Amino acid sequence: MAIAMGWHKPDNVAGSSAPAIMVGLFVATGGLLFGYDTGTINGILSMPAFIDQFNTGYVDTTSQTRAIAPSQTAIIVAILSAGTAVGALLGAPAADTLGRRISLVIAIGVFCFGVIFQICADAIPMLLVGRFFAGVGVGAVSLLVPLYQSEMAPKWIRGTLVCAYQLSITIGLLTASAVNIGVKDISNASAYRIPIGLQFSWAVVLALGILVLPETPRYLIKRGQNDAAALSLSRLRRLDITHPALLEELAEIQANHDYEMSLGPESYRDIFLGEPHLGRRTLTGCGLQMLQQLTGINFIMYYGTTFFHGANVDSPFLISLITNIINVFSTIPGLFVVETWGRRNLLMIGAAGMAICQLTIAIFASVVRNSEGEIASKILIIFLSFFIFFYAASWGPVCWVVTAEIFPLKVRAKAMSVSTASNWLLNFGIAYGTPYMVSPGAGYADMGSRVFYVWGAFCLLAGLFVYCMVYETSKISLEQIDEMYERVDYAWNSKKFEPSWSFQQLRDEGFADSGIPPAEHELQPSVTGSSATESIQTIHTDSAHGDNRSEEDKIIQQMGLGNVEFSY
């Protein structure tokens, strides 16, 4: 499958990556929940049936028609993002306590609970309650999906699988846009209840599918369940549980985790003050997630239909559908080049492209003063399409890749939850503040298309941030990323990094669990940190001296997998 899509597994990688790829792609479809919800509210806000039901007497001063007040529109859209921030923060303790897999199922259940409230709502307060709970579920999913993917994927295709989460978000947006076009002319409440209710379909399928998937080996190692970790990795790599490559990977995960734990406790304080350079990593993750929102993408995704209508663009629902089609297909190039071009290059190219498009729109809007002519509409649509292309191929997926990779196992869930919550907090601010920035009338800024000056400036800042702060993490394992942060001082030098040691070697050479070399006379041979190759050599030596145990038994004993049953 991977070869057919243009990727080729390295020859030195044992086993099959197909199970891990299929699991990663299936879990990635959790992005449909957020994408579809975002696309649904984008169209629903402009539906006559929705306005008739939820209008509280506000009249649009421009068109002299009944509408949802900008302040009400802002809270209806933004309350989802408030819930997602809460969900992202709650997802970390759940992931560390219950596991990545079960936490995903619970998050989907909370999302469905929120959908029920939205379907039953006949006034804005009940609608807000439903959107908040749906947001809690979406926020937890946005943390848990990249976390699950990064911990189970082979390193050679890890970035691509995490990118698939963003692809699912775009597919959800496109699906919602198509559904909205199909129901927008229905004159009763079915116009908005049908698209909201359809969210149940995939949520249920996803939850049932996740129940049969394996837990990530890294989480099981973290919980001290070595036997279960071996079985999980065996399923994901399609290798026998005694295969040297599988034992080697398990031993390195275990050694890395032991080393991390020796440096201090796994607390929220540690993600800012811990070593190696956890504060820098947390700043990188939070900065990327916030700047992703400040590119202005969700201004288009949340308010695109309403904005196009206000800019006198013909067929705003159709234009919104077209931009979502561009969004889906533009994500695909990013999947192919994220491993070959690297994370840094893709992010910087994307930031430059987005800035050019945003500033072009803003400058043109300033020159023509939001002209209502056909040329103004075409310029807006063309450069927005290019902006969406650059975003979808770079910042959309790659931000999730980087934040899923740069944190050590000890604090990965906690650090990812903080960085993901920063994404949703900015999402909330933009969703709530945008109507006040672009709407005409007393008390509003009436910026119109000139709001793209703001987004363009942040795109320039995003490119500079990537150059200074984002380390290149492609083609190395999650454990080797720790070494890179120890040895490489500046992000722009990270592309030259080559791993020189493993955490197993630290222990093989006699380093204590604290990471401090003991006195030479205290050095003792270490079995638990031995690589699989050294374990096999020891076994052959034992056999030569008359030890009659089977090689499988000896490998298992030395790797701490004594209770595993050979039923794979």
Side-chain angles (χ1 to χ4, degrees), residues 28-47 50 54 73-88 91 104 107-121 124 126-145 165-184 191-207 293 297-306 320-321 323-324 327-328 396 420 423-424 427-428 430-432 434:
T29 58
L32 287 171
L33 303 183
F34 172 59
Y36 185 87
D37 189 282
T38 300
T40 297
I41 201 64
N42 180 2
I44 282 176
L45 289 171
S46 298
M47 289 182 182
F50 182 83
F54 293 94
T73 298
I75 192 61
I76 289 172
V77 173
I79 195 67
L80 180 93
S81 300
T84 53
V86 174
L104 262 172
I108 295 169
V110 174
F111 172 81
C112 291
F113 180 74
V115 171
I116 293 173
F117 269 81
Q118 293 180 72
I119 293 174
C120 298
I124 289 178
M126 189 172 182
L127 179 67
L128 295 179
V129 171
R131 285 186 58 76
F132 178 81
F133 278 104
V136 172
V138 167
V141 168
S142 70
L143 160 71
L144 295 166
V145 167
Y165 173 68
Q166 177 66 23
L167 178 62
S168 293
I169 293 176
T170 64
I171 293 173
L173 286 162
L174 176 60
T175 304
S177 185
V179 171
N180 284 340
I181 289 179
V183 301
K184 66 182 177 66
Y192 59 87
R193 284 178 174 159
I194 288 174
I196 291 175
L198 286 175
Q199 296 177 98
F200 272 121
S201 56
W202 187 248
V204 172
V205 172
L206 183 61
Q293 293 303 308
I297 184 64
N298 278 330
F299 165 66
I300 301 301
M301 296 309 163
Y302 283 135
Y303 298 109
T305 304
T306 305
S320 184
L321 176 65
T323 58
N324 279 309
N327 195 20
V328 171
T420 304
N423 178 297
W424 295 119
N427 194 317
F428 173 81
I430 291 169
Y432 188 79
T434 295

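Just so you know, these numbers use all the heavy atoms, side chains as well, and skip hydrogens, waters and symmetry mates. As the structure is a prediction and not an experimental result, all values here were calculated from the model.
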Which residue pairs satisfy the salt bridge (Lys or Arg N to Asp or Glu O under 4.0 Å) criterion with at least one member in residues 132-141, sequence neighbours excluded?
none
Going by the salt bridge (Lys or Arg N to Asp or Glu O under 4.0 Å) test, which pairs reach into residues 165-181, not counting sequence neighbours?
none
To the nearest 0.5 angstrom, please state how far the CG atom of Asn180 sits from the CD1 atom of Ile41.
9.0 Å
Do you know which two heavy atoms are closest between Ile119 and Gly197, and how far apart they sit?
CD1-CA, 3.5 Å
Work out which heavy atom in Pro195 is nearest to a heavy atom in Thr40; give both atom names and the distance.
CB-CG2, 3.9 Å
What is the minimum heavy-atom distance between Ser177 and Asn324, and which atoms define it?
CB-ND2, 3.5 Å
Work out which heavy atom in Ala28 is nearest to a heavy atom in Ser168; give both atom names and the distance.
O-OG, 3.0 Å
Any chance you could measure Phe428, atom CZ, to Ile79, atom CD1, to the nearest 0.5 Å?
6.5 Å
Which pairs count as salt bridge (Lys or Arg N to Asp or Glu O under 4.0 Å) when at least one residue sits in residues 191-200, sequence neighbours excluded?
none
Do any pairs count as a salt bridge (Lys or Arg N to Asp or Glu O under 4.0 Å) and have a residue in residues 134-145, sequence neighbours left out, and if so which ones?
none
Once side-chain hydrogen bond (donor to acceptor under 3.5 Å, both in side chains) is applied, do any residues pair with Gln293, and if so which ones, sequence neighbours excluded?
Asn298, Asn423, Asn427
Roughly how far apart are Leu127 CG and Ile196 CD1, rounded to 0.5 Å?
6.5 Å
Distance from Leu104 atom CG to Ile108 atom CD1, nearest 0.5 Å?
6.0 Å
Check residues 130-143 and write down every donor-acceptor pair under 3.5 Å in which the side-chain atom is one partner and the other belongs to a residue at least two apart or another chain.
from, atom 1, to, atom 2, distance (Å)
Arg131, NE, Ile76, O, 2.5
Arg131, NH1, Asp37, OD1, 3.2
Arg131, NH2, Val77, O, 3.4
Ser142, OG, Gly139, O, 2.6
Ser142, OG, Trp424, NE1, 2.9

Among residues at least two apart in sequence or on other chains, which ones pass ring-ring contact (aromatic ring centres under 6.0 Å, His included) with Phe111?
none
With rounding to the nearest 0.5 Å, note down the distance linking CG in Leu32 to OG1 in Thr175.
6.5 Å
Taking only residues two or more places apart in sequence or in another chain, which ones pass side chain to side chain contact (heavy atoms under 4.5 Å, CB included) with Ile116?
Cys120, Phe200
So OH of Tyr36 and CG of Leu198: to nearest 0.5 Å the spacing works out to 4.0 Å
Checking Thr170 now: which residues fulfil side chain to side chain contact (heavy atoms under 4.5 Å, CB included) with it, not counting sequence neighbours?
Gln166, Leu167, Asn327, Val328, Thr331
In chain order, what residues pass the side-chain hydrogen bond (donor to acceptor under 3.5 Å, both in side chains) check against Thr29, with sequence neighbours excluded?
Trp202
